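One structure below.
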Amino acid sequence: MKRRVSGLRMVPVTTVTGGLVRSFLFLSLLKIGFQYPDFAGDFYLTGNVAFPPGTVQSEENFLVRSLVPSEEIPCKAGVLQRWPDGSVLSAELTFSANSNQRREYVISYGADVRRRKKLAQLAVLPSIAFSVGGVPKSTENLDVNVGQINVRVDRSPGVRYYWYILPIILILILMVVRSRRTYL
Amino acid sequence: MNRRNITLTRRIVQIISLVLIVYGGYLFKPRPGTYWGRHELTGDQAVQSGKEVSLFPRLKAPQGSMSTTKFSQGSILWPSGKTPVLENFPPGLICRFNPRGGMFKACILHFFNENLSWRTPIKYLLPHIALFMAFCFLLGRMWCGWVCPIGTVGDFLTSLRRRMNIPAKRFSRQVRRSLRSGAYGILTSSLAVSAFIGIPRFTRFQCYWFLPYCQACPARLICPVFGLIKPSWKDFSSGISAGFTILAWLTLGVFVAAFYWGRRVWCHLCPVGLINSWFNRGAGVELRKKAIRCNKCAACADACPMGLTEMYEADKDAIFNQKGCIMCLRCIEVCPQKECLSMSFFGKELIKSEF
């Protein structure tokens with residue numbers, strides 16, 4: 001048997017606390033996961049974020065915030081891919097952070113969200129990749145969170161019907177053995 | 001059993017089988033609803049809902065299947081769309097042409113055809129295949145000779161021919177082989193068409209080509225009469241439907257004419273009988289001959305409705321479960337030599353010829 005699991009529009013969210021990755025379910029909010037570098041000073045956080053279809057219409061409909069203190073972080077954004085309905089599928093985000101000011105960052109998105117602060121990427125700083133959805137980005141791959149996912153779990157109670165193979169095989173063997181005794 | 005009662009017993013069994021198969025829906029309570037109209041559950045969904053707990057799962061058309069669009073409109077196979085009492089496919093059966101659904105669902109060829117077209121998972125087919133094989137293993141092609149309603153109708157036509165003093169023709173081995181090849185042709189072409197229209201890209205053809213053999217089966221025009229249903233004798237709604245209707249009439253003509261030409265001619269051509277015959281040689285029912293007691297009178301060869309002569313020609317003791325033999329036991333009945341011919345069930349002798 002196959003079972004379809006579906007529900008609200010839920011997105012996996014990842015938070016980072018001292019490098020420990022945890023996953024939650026959250027609505028219209030994506031937490032950014034990364035590891036602070038060993039060096040002290042400013043650096044850029046850059047990564048790709050994917051959104052569910054129909055939620056983000058343009059690159060202005062999402063922004064980066066720090067949780068404590070709660071404020072919008074200037075960021076630079078560029079749309080990479082779009083869903084068939086024209087909404088944003090994935091976008092590249094870049095914003096600056098400082099290893100001396102450890103913060104947790106989240107991405108708010110939706111039709112009501114307006115990004116106001118934009119990053120002018122003038123300085124040449126080291127870049128650290130961040131991830132959204134619990135799987136870090138590497139140089140070889142790009143992890144895309146596509147939002148709603150339908151999972152079919154096959155509990156397979158019909159597997160019991162496969163046991164009928166045994167009598168079928170038994171009958172076939174008996175038929176072959178017995179047919180040898182038959183004339184012609 | 002007294003050998004002189006064999007034909008009488010066979011007639012009684014045939015009539016009881018005919019009544020049970022065709023009118024079983026009146027005798028026992030069938031499941032509610034009609035077969036073709038019930039698409040709400042496919043195989044997997046039925047299991048999930050907890051309604052599929054029987055040993056033999058119900059096999060239904062997938063949701064939105066084109067195979068059901070035609071038959072819901074009162075066309076050729078619509079009478080067979082009634083829910084049967086048991087949705088199984090034992091050997092020697094016909095469709096459930098009855099307003100109340102009949103006893104069993106259909107013949108085994110119907111089973112293979114429709115599930116090839118529906119691409120039913122193999123796990124749901126295994127119970128039905130196992131049951132069919134078990135029945136065949138027990139009785140072989142005795143189902144054709146003792147149960148099949150088409151054979152019963154054919155025997156009735158044969159008795160009419162006798163009364164009209166029309167002699168039956170005996171077929172040579174070559175003719176029998178040709179008829180058997182024809183049965184293989186019908187079987188393979190039918191399965192090939194069913195498999196073809198099961199391919200997702202070609203499922204749109206199911207509304208016309210679904211169950212291709214059934215649309216030309218003589219039972220399609222004969223058995224609704226027994227089931228008190230007006231048969232769909234003239235379905236000319238489309239070119240293909242008209243073709244199948246004409247083909248069905250031709251098949252019926254061949255079926256009737258064949259029984260005036262010889263005895264059980266259709267049984268050589270029947271693809272269902274062909275499938276049953278694969279299990280005949282190893283079946284529990286055995287037909288034995290003691291050659292030393294045979295006086296070569298050829299009574300068995302004359303009496304055989306299938307025109308088999310191998311038993312008469314044999315010069316040694318043997319078991320004669322030939323593929324063409326329908327186990328009607330006429331040979332034992334007419335044999336004048338005591339204990340020359342006998343029928344046994346897994347080695348235990350039940351009936352033997354008497355002087």
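Not measured: the values here are computed from a predicted model. Quick note on labels: first sequence line is chain A, next is B, and so on, each numbered from 1.
With values rounded to the nearest 0.5 angstrom, I165(A) atom CD1 is found 9.5 Å from I129(B) atom CD1. Note that CZ of R178(A) is 7.0 Å distant from CD1 of I319(B), once rounded to the nearest 0.5 Å. Rounding to the nearest 0.5 angstrom, the gap separating the CG atom in N321(B) from the OG atom in S179(A) is 10.0 Å. With values rounded to the nearest 0.5 angstrom, Y164(A) atom OH is found 8.5 Å from H128(B) atom NE2.
Residues of residues 169-177 of chain A placed with any heavy atom under 4.5 Å of a heavy atom in chain B are listed by number as I171(A), L172(A), L174(A), M175(A). Contacts between residues 284-293 of chain B and chain A, counted as heavy-atom pairs separated by less than 4.5 Å, involve G284(B), E286(B), R288(B).
With sequence neighbours excluded, the residues forming a salt bridge (Lys or Arg N to Asp or Glu O under 4.0 Å) with R264(B) are D155(B), listed by chain and number.
Within the 4.5 angstrom heavy-atom criterion, only backbone atoms of A283(B) (N, CA, C, O) approach chain A.
Heavy atoms from other residues, nucleotides or ligands lying under 6.0 Å from CZ of R116(A) number 12 at most. Atom NZ of K338(B) has 12 or fewer neighbouring heavy atoms from other residues, nucleotides or ligands inside a 6.0 Å radius. Taking a 6.0 Å sphere around CG of N100(A), one finds it holds more than 12 heavy atoms contributed by other residues, nucleotides or ligands.
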Only pairs under 3.5 Å count here: list side-chain donor-acceptor contacts from residues 299-309 of chain B, not counting sequence neighbours, and write none if there are none.
{"from": "D302(B)", "atom 1": "OD1", "to": "R170(B)", "atom 2": "NH2", "distance (Å)": "2.2"}
{"from": "T309(B)", "atom 1": "OG1", "to": "E313(B)", "atom 2": "OE2", "distance (Å)": "3.2"}

field: Intermediate values then yes/no, side chain to side chain contact (heavy atoms under 4.5 Å, CB included), I122(B) and Y162(A)
entry: CA-CA 9 Å; I122(B) 186 72; Y162(A) 284 118; 4.1 Å; yes
